[in-house]
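Report on one structure; see the data block that follows.
Below, all heavy atoms of this structure are taken into account, side chains as well, without hydrogens, waters or symmetry copies.
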Amino acid sequence: MTAAASKKPDHVYLVDGSGYIFRAFHALPPLSRSDGTPTNAVLGFCNMLLKLVEDSDAEYIAVIFDAGRKTFRNDIYADYKAHRPEAPPELIPQFALIREATRAFNVSAIEMPGYEADDLIATYATQAAARGNEVTIVSSDKDLMQLVGDRIALFDPMKNRKIGEAEVLEKFGVKPDKVVDVQSLAGDSSDNVPGVPGIGIKTAAELINTYGDLDTLLAKAGEIKQPKRRENLVNNAELARISRDLVTLKRDVPVEHGLDEFVKREIDGAVMEFVTKNEFRSLAAKLNARLGEASIKATRAAGGFTAPVATPSAAPAATPSAATAPAVKIGEGYELVQNEAALLRWIEAANKSGALAFDIETTSLNVNEAKLVGMSLATQAGKACYVPVGHIGTTGDLLGGGAEAPKQIPLARAIELLKPLLEDAAVLKIGHNIKYDMAVMARYGVTIAPIDDSMLISYVLEGGAHGHGMDELSELHLGHATIKFGDVAGTGKQQVTFDHVSLDKALAYAAEDADVTWRLHETLKPRLIAERLMTIYETIERPLIPVVAQMERDGVKIDAKELQRLSQDFASRMGEIEREIHRIAGTEFNVGSPKQLGEILFDQLKLPGGKKGKTGAYATGADVLEELTVTSGHPLPQKVLDWRQLSKLKSTYADALPLAINPETGRVHTSFALAATSTGRLASTDPNLQNIPIRTEEGRKIRRAFVAEPGHILLSVDYSQIELRLAAEMAEIEPLKQAFRDGADIHAMTASQVFGVPIEGMDPMVRRQAKAINFGIIYGISAFGLSQQLGIGQGEAKAYIEAYFKRYPGIRDYMDRMKKIAREKGYVETLFGRRCYVPGINDKNPARRSFMERAAINAPLQGTAADIIKRAMIRMPAAFAAAGLKGRMLLQVHDELLFEVPVAEKDEASRVARAIMEGAHLPARQISVPLIADAGTGMNWAEAH
DNA sequence: GTGTTCACG
DNA sequence: GACGTACGTGAACACA
């Protein structure tokens, strides 16, 4: 035994497998294998286990599971855990997989019928502590807190923090040995432990601290002053005792396996089979590297090499202390940089390494309002620092306790020192959503280049599979729970801006972000080559960053006065309509409440129909109200529709947009999200300028408030029918392609081909139906969808689709092909090779599956169109410059680009923009139908369109 | 925080 | 044939 030989006691890790799976399942984004089996919790578990095996000082490891729902506690109290809902269906297959994973990692998986995992953990922890071992229980279950002691600690793998005596005291208000007493009184609604009514944790702790323990308290319950509390305690003493039996963990379970069986074993090749089967690509890469390393070491050792083997990470791994295990690497050893000498050392290190991860902290997520508070740098995994430049001390409470502004390098000086590095062409700057850092730093006169972006790399690799925020990716690829912003700056009303955060907290948070960014880059960048996605990243996503950043910075001019006039007009008309609605309904109610409206329409007025959705509320959407106008002839639904339109226009646009005007520039600066959609499109937020009204006359009034500077005009250039053209191309619909080449009326042609009517003198209704079919093709047509769109029966819709397929067999082939590819690979591809993941394509729920199938059909079309306009955007600034144009590109709305150009440039700018857009696919791809872009100009956006 | 509704492509 | 639908977004509001 090693225990006797070494001074340090052996370290035993007991992992609460059942607890982990529930928490990981809810904390991690949904992921699944290409056969549809969900795997998010399994991947989280594997990452956690790997870290434990590789990075901790564990001598013994076991994972403990619940064997079944029924335990001896049900004999004590039949309702124990009775309220527990059934596990969600996506979780169920993961239980078995996690046991499988445990064995694949060569770790003991322990369970025992009749006992909960918690009891087994209590038993083993007690045994191990008794023989002098140190015990870490990996779990965030508060029920295990009663076990904490000198030799036993908890480690919360989701929050990545140790739970010792201090944390238990914080949670329960008592030391670990009294936790049971507090729980017996307070009860636990999630486990259905009754406790004493009216007593929560706060009160329970107060009582136990006064009386010492539960028995003494119950014996002296009569002395308690508060009458209600006294009565409850006296009457429910037995309930408290039963509760105690329920929450007290059994430390003497007659276990079948001894601690010695848990001795840590090395991971071997068996694990690869498991991770491959479950399609854990980045984990496989990590394991491959480690297994390779291990086998090299073994070979060298066998060959008698005596020289030390160099490891890739230069820093020797520190021996993990009990306080921080098992997450030793991320989050440790960061440096707070408060003087120039220290900063210069980091700059030198970055120059040497040729790359640095860079991240800034500011007072706002909004680029234009953000003030720089600090910068963090990482120059290798685990080597990171934080440079505060704008901290203004902490705000104290009423008793004081606030702190003075801390020592830091003056902002201007820090920027002066860092600017050459950030602009150095020989040093790669890696950021996570670096567009933000670039935009803020640009305001301080720094132009960051060259760049890489770990968020966009992740987006190119796995767009549509999950989100790409740093927190989520850290969990996914590094198995590390990052410190959350709310953890350092507070949440809700107490949240403060980062300049008020204390330096120690700021260091831990900010330096970790740079460290994690570095590691994500290290993990993900090589995959771009391995998975043949480097081209998408290097020719589309990365070059788009500065282009979009410039558009955001330029912003668009808005006529606030005009919007205020519109708002007043809308308000007065809404008031009139509202009075009429109340008069017709016979009661006053909130027209804006779908619930109240539904009750008025269907319960009170007894209008026909009235379908309740899954939440039990009547549906009152526009389609329902329009239908109701026809079927009932009642005037109310139309009034509500009118009111809703005005209400939408007023609150979302007329009132909100003026508030978004930046006082310094006098313009509105949206933010384009580069990694938000599953298809490659951009998304616009804060405010969303991609959904400014245009379809109705009232709505167009809003668009008129988007104006050009004096001496300028707005130029709008949009692709004509781009997705349908791409459908013709990608589905090889020859007649459709020919029609586009001929510049024919595409919908009339479809009508002619499908319904067999001549184009000359065609009924507009017939053309309209054909148009709906053409749109349907892009969306992954369904009989139901088409019937809804056209207001016809499903049978009729089905017949149309059949006719279409018969006429154009290519489209059916295309649809089947996309579904097959999505099922087999989990993603579909655009013409340019962008992957669009379609998770859930193999779902056993047919509704969800159909949904994902239609997404798989649509994504290559929508995504290719997105690729093309992005290529155009990237070329636009240079094309304008080459033509001597001063015009600026302001907005992108999926198939449209909006420019602001000097009046004199009107024609030339239109010509250049159209040429760039129409040739954007070249030379990378040839498309056998022409891409057409139409240009329009005007004093405002409505005129230009 | 979730669901409904509606603005856009 | 099941099951609930056209694809992709973001913001405001009501309600829990």
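- One finds no side-chain N or O of A/Arg695 lying less than 4.0 angstrom from the OP1 or OP2 phosphate oxygen of B/dC6.
- For A/Ser593, no side-chain nitrogen or oxygen approaches OP1 or OP2 of C/dC13 to under 4.0 Å.
- As judged by a 4.0 angstrom heavy-atom cut-off over every strand, A/Ala859 is placed among residues making no nucleic acid contact.
- Side chains of A/Asp603 and A/Tyr618: a donor on one and an acceptor on the other come within 3.5 Å.
- Within the structure, every side-chain polar atom (N or O) of A/Arg681 is placed at least 4.0 Å from both OP1 and OP2 of B/dG9.
- When all heavy atoms of A/Met730 and A/Glu829 are compared, the pair lying nearest together is CE-O, 4.5 Å.
- In terms of polar N and O atoms assigned as donor or acceptor, the side chain of A/Lys595 never comes within less than 3.5 Å of the base of C/dC15 in a complementary pairing.
- C/dC3 and B/dT5: their P atoms are spaced 24 Å apart (whole Å).
- For the OP1/OP2 pair of B/dG9 and a distance below 4.0 Å, the side-chain nitrogens and oxygens of A/Gln892 include no atom meeting the criterion.
- Contact check, A/Asn590 against C/dA14: a side-chain N or O comes under 4.0 Å of OP1 or OP2.
- The shortest distance between the side-chain N/O atoms of A/Ser651 and the OP1/OP2 oxygens of C/dA11 is not below 4.0 Å.
- For A/Ser782 and C/dT5, a side-chain-to-base donor-acceptor distance below 3.5 Å is present, hydrogens and geometry of angles not being considered.
- Contact check, A/Arg854 against C/dC7: a side-chain N or O comes under 4.0 Å of OP1 or OP2.
- Under 4.0 Å is where a charged nitrogen must lie from a carboxylate oxygen, and between A/Glu853 and A/Lys820 no such pair does.
- Within 4.0 Å (heavy atoms only), A/Ala660 reaches no atom of the nucleic acid at all.
- A/Asp895 comes within contact range of the sugar-phosphate backbone alone, with a heavy-atom separation under 4.0 Å but no base atom that close.
- When distances are taken from the side chain of A/Gln862 to each of C/dG8, B/dT4, B/dC6, the shortest belongs to C/dG8.
- Residue A/Phe851 is in sugar-phosphate contact alone, with no base atom involved, counting any heavy-atom pair closer than 4.0 Å across all strands shown.
- Note on ring orientation: taking the six-membered ring where Trp is involved, the planes of A/His468 and A/His466 are tilted (angle from 30° to 60°).
- Between A/Lys435 and A/Glu552 a salt bridge is recorded (basic side-chain N to carboxylate O distance below 4.0 Å).
- Judged by closest nucleotide on DNA chain C, A/Thr677 is the one of A/Thr677 and A/Thr652 placed further toward the 5' end.
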